[in-house]
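Taking it in order: structure first as structure tokens, then the write-up.
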Number of protein chains: 2
Amino acid sequence: MAKVKISDVAREAGVSLGTVSNALNHPEKLRPETLKLINETINRLGYLPNQSARQLAGGATKSFGLVLPRLDHGFSLQIASGAHNEARKHGYDLLIANADNDDILEDHYLRYFMGTQMSGVMVQPMAFPDWHPAMTKMPVPIVHLDIHCSEPGYYVAADNEAQGRIIAELAIARGAHHIVVVGRAAFMQLTLRVLGIHKALALHPDIKIEVIDAGEWNTAADGYGIGNQIAERPADERPDFVVGLTDVLASGVVSALVDKGISVPGQVRVAGCDGNPLAWSGSVPLTTVAPPGYEIGRKGIQLLMEQIENKAPTKTKHIHVSSAARTVTAVTAIEDINRQELVRPFLLERASTQASSQTDATAINLGAYL
Amino acid sequence: MAKVKISDVAREAGVSLGTVSNALNHPEKLRPETLKLINETINRLGYLPNQSARQLAGGATKSFGLVLPRLDHGFSLQIASGAHNEARKHGYDLLIANADNDDILEDHYLRYFMGTQMSGVMVQPMAFPDWHPAMTKMPVPIVHLDIHCSEPGYYVAADNEAQGRIIAELAIARGAHHIVVVGRAAFMQLTLRVLGIHKALALHPDIKIEVIDAGEWNTAADGYGIGNQIAERPADERPDFVVGLTDVLASGVVSALVDKGISVPGQVRVAGCDGNPLAWSGSVPLTTVAPPGYEIGRKGIQLLMEQIENKAPTKTKHIHVSSAARTVTAVTAIEDINRQELVRPFLLERASTQASSQTDATAINLGAYL
DNA sequence: CTGAAAGCGCTAACAT
DNA sequence: ATGTTAGCGCTTTCAG
């Protein structure tokens, strides 16, 4: 129980405290034999450097914090994975906190990380983040994932316009003549998807496109309703390709269609648009466009590194300003950068749009999400 | 960038430094109005307590560390989830580190957490852990997950014997007359599974049981080989139920059987035994017995709490023993407890053993792993 | 409630 | 190459 500390090691090894510290932080400065002696002593005593003390004294930490909204979604895990690999590559540790769908917890961990003198923090914010203006000008580099935003800050997100474009291109490739886009473009993201679809289709004036902007919440039930409506049309007015702005919507459409005896993908192909894993679970595995979590995580760390490196000059080295003059508002010196990185999503084609039936749909899923 | 510190808050709020500290740690000791004033100032200045300093000064941390071997396996995520919820319930934070299948990293994070003055640390060790004897008597409560071990320490794992028993009971329920158990019981875990199977079957002397202990690595290829061998037997010597000691093995068996034109589960039912998600991806979704990750995570935190509470008396409060006498070997005072908790696994029945074909196999998967 | 002061264990100068 | 020392920011006394 008695904690072994650096001075114990020094005493036991018969060297000075500073030497042990050097053995830990600048081993190259020691004579190999001294180093060896010290390391042996460290192991013998089971000494563990007190990280808190190191950080307090040293400043830097060489570790990043990542706050995730949940751990049960492949996308977040991909982010964690990409972030971790990139961080290790730069010699940094990555600590992950699970906000568990709770925005208070999210905030809590965010502050915790910033207070731990992490070198940087990343967060995949919960839906509709309510930015503390303070957050923006925090003393620690921070990157927001999976979200676009015009506020100053660093953001990495999937390219929603590309998401739409990709799905439209698939429709074209599958020989669609009449496409119906389903869903209420209530948020920026969805609007961008619609935009992408239109852009891709602009090159194909022969293809008929129709947007059904019904329902308010983009629920599966909304999708089901729209699917029903489509099913009841005379065959020649029926689309041959339906795009759901979200996968939930699309899967509702599939259910309705199948219930009405319309074959998917035989008579109508259906695709979602956001890589939601639930897309596996329906009766017909749903084609979708998944955001590349791994890349987003990687990119996020890269932006963190960038901030760290640019900021390097800011050496606050023992500048003993008179206490009175220390007006904290000097903080505004931070440039109000807005940096947004978009990462291209990728197509996950499954049974709901396939030309011929294939059996390996599940394998594809696993590759993408596990 | 200039970090706001507690003294800044004190000055701005016109109170003393100690009062701000109290506002943070013992708010009940302050007059409500002072508290409010201080909190406002804290927000206004964007003050973030330096966690490193707090820990250094205060000792405790109210947070746990969890080292996971990987983030891409449902089991580990379940652990994380269960651990997180239980930790929050006790008012603790949970920080997760991903060792990424690298035992050096695992060790690194373990030490990191211990050095961070975490209140406790949990680890789901990589296969074949090579216990540092030191680890056992660390200054921080530690719990090992997903592993049995007779070394002193705290362990929470799935009940492997139950795992075998459950699968055997399923076989019985499905009317098996001739069961083949496939796999090399190379490790304790697998041996226990076999034991469980035998125990369950002991009550049914009419059922024929056969163990094929082939291959050395329990690979899918091994399973395939055994599957082939089974397929080639005359129909009356062929088992009607095959249990793979691991899912990988079982899926190899399924492949071989199907390739030889033997229907699964029509002619032969096959089940795995360890809840590996890959069990979804084969041509026939595989029945398996999954370890209850969530429960294991929960239980782990409970053991941590237990250690913390028992250890409470150990107040090392400023006992200024003479430096010379401070022999570190006093550590041995820790009782060499060996505490093992077993958690019962649960059956995930899928197509490979089902009586009638069902379609919701995927839904079951999602429920279990996402 | 204030003010002052003693550390917590370590790092990074600065000497030697 | 090694020893010495001044903090890092905070929590806790303890006496007003």
Side-chain angles (χ1 to χ4, degrees), chain A residues 2-11 13-38 42 45 47-62 112 114-117 139 315-320 323 326 328, chain B residues 2-11 13-38 42 45 47-62 111-112 114-117 139-140 315-320 323 326 328:
Chain A
K3 302 250 174 64
V4 185
K5 52 179 83 166
I6 205 170
S7 57
D8 295 318
V9 176
R11 182 165 29 72
V15 299
S16 89
L17 186 159
T19 307
V20 178
S21 174
N22 275 333
L24 259 39
N25 304 295
H26 310 284
E28 73 284 358
K29 293 190 174 179
L30 292 196
R31 211 185 322 150
E33 51 194 87
T34 334
L35 187 60
K36 185 152 157 287
L37 169 64
I38 294 180
I42 286 180
L45 301 190
Y47 165 68
L48 289 175
N50 180 323
Q51 303 295 344
S52 307
R54 301 185 76 172
Q55 290 170 199
L56 221 211
T61 322
K62 284 284 216 172
Y112 178 89
M114 321 208 86
T116 322
Q117 315 309 97
K315 279 216 162 197
T316 326
K317 279 229 134 226
H318 299 264
I319 307 178
H320 284 296
S323 223
R326 204 157 171 285
V328 186
Chain B
K3 302 250 175 62
V4 184
K5 53 178 83 163
I6 204 170
S7 58
D8 295 318
V9 176
R11 183 164 28 73
V15 301
S16 90
L17 185 157
T19 308
V20 179
S21 177
N22 275 333
L24 258 38
N25 304 295
H26 310 286
E28 73 285 358
K29 294 190 174 179
L30 292 195
R31 210 186 320 149
E33 49 194 89
T34 334
L35 187 59
K36 185 153 159 286
L37 169 64
I38 294 181
I42 286 180
L45 300 190
Y47 166 68
L48 289 175
N50 180 324
Q51 302 294 345
S52 307
R54 302 186 75 170
Q55 290 169 199
L56 221 211
T61 322
K62 285 282 216 171
R111 290 168 184 278
Y112 178 89
M114 320 210 86
T116 322
Q117 316 309 95
V140 175
K315 277 218 162 193
T316 325
K317 275 228 141 230
H318 299 264
I319 307 177
H320 285 295
S323 223
R326 205 159 170 285
V328 186

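Nothing here was measured: the structure is a model prediction, and the numbers come from that model. Chain letters run A, B, ... following the sequence lines, proteins first and then strands; every chain starts at 1.
- Rounded to an integer number of Å, the gap from A:K5 NZ to C:dT11 C1' is 16 Å.
- Put simply, CG on B:D8 is 13 Å from C1' on D:dC10, counting in whole angstrom units.
- The OG1 atom of B:T116 sits 13.0 Å away from atom CZ of B:R111, with the distance rounded to the nearest 0.5 Å.
- When distances are taken from the side chain of A:N25 to each of C:dG9, D:dC10, C:dA12, the shortest belongs to C:dA12.
- A:R11 places its CZ atom 19 Å from the P atom of D:dT2, with the value rounded to the nearest Å.
- The residue A:S52 sits apart from the nucleic acid: no heavy atom pair falls under 4.0 Å.
- Summarising the geometry, the separation between CG on B:L17 and C1' on C:dA6 is reported as 14 Å, rounded to the nearest angstrom.
- The line from CD1 of A:I38 to CG of A:L30 is 5.5 Å long, rounded to the nearest 0.5 Å.
- Rounded to an integer number of Å, the gap from A:L37 CG to D:dT2 C1' is 13 Å.
- Using a 4.5 Å heavy-atom threshold, the side chains of A:V4 and A:I42 count as separate.
- Atoms CZ and CD1, on A:R54 and A:I6 in that order, are 8.5 Å from each other to the nearest 0.5 Å.
- The interatomic distance linking A:Q55 (CD) with D:dG7 (C1') rounds to 17 Å, in whole Å.
- Comparing B:I6 and A:G18 against DNA chain D, the residue whose closest nucleotide sits nearer the 5' end is A:G18.
- Within the structure, every side-chain polar atom (N or O) of A:S16 is placed at least 4.0 Å from both OP1 and OP2 of D:dT4.
- Rounded to an integer number of Å, the gap from A:N22 CG to C:dT11 C1' is 9 Å.
- Phosphate proximity of D:dA1 to A:K29: absent, as no side-chain N or O sits under 4.0 Å from OP1 or OP2.
- Contact between the side-chain N/O atoms of B:S21 and the OP1/OP2 oxygens of D:dT11 is found at a separation under 4.0 Å.
- Contact check, B:N50 against D:dC10: no side-chain N or O comes under 4.0 Å of OP1 or OP2.
- Straight-line distance from the OH atom of B:Y47 to the C1' atom of D:dC10: 7 Å, rounded to whole Å.
- The closest side-chain heavy-atom distance from A:Y47 to A:L24 is below 4.5 Å.
- Backbone-only contact: B:L30 has heavy atoms under 4.0 Å from sugar-phosphate atoms and none from a base.
- Each of B:L56 and B:P32 was assigned the nucleotide of DNA chain C with the nearest heavy atom; the assignment lying further toward the 5' end belongs to B:P32.
- A close approach under 4.0 Å does not occur between any side-chain nitrogen or oxygen of A:H26 and OP1 or OP2 of D:dA1.
- Remark: A:T19 is in phosphate contact with D:dG3, judged by side-chain N or O atoms under 4.0 Å from OP1 or OP2.
- In terms of position on DNA chain C, the residue among A:P49 and B:R31 whose nearest nucleotide sits closer to the 5' end is B:R31.
- Using a 3.5 Å distance cut-off with no hydrogens or angles, the side chains of B:Q55 and A:S52 do pair a donor with an acceptor.
- Of the candidates D:dT11, D:dG3, D:dC8, D:dG3 carries the atom nearest the A:V15 side chain, counting heavy atoms from C-beta on.
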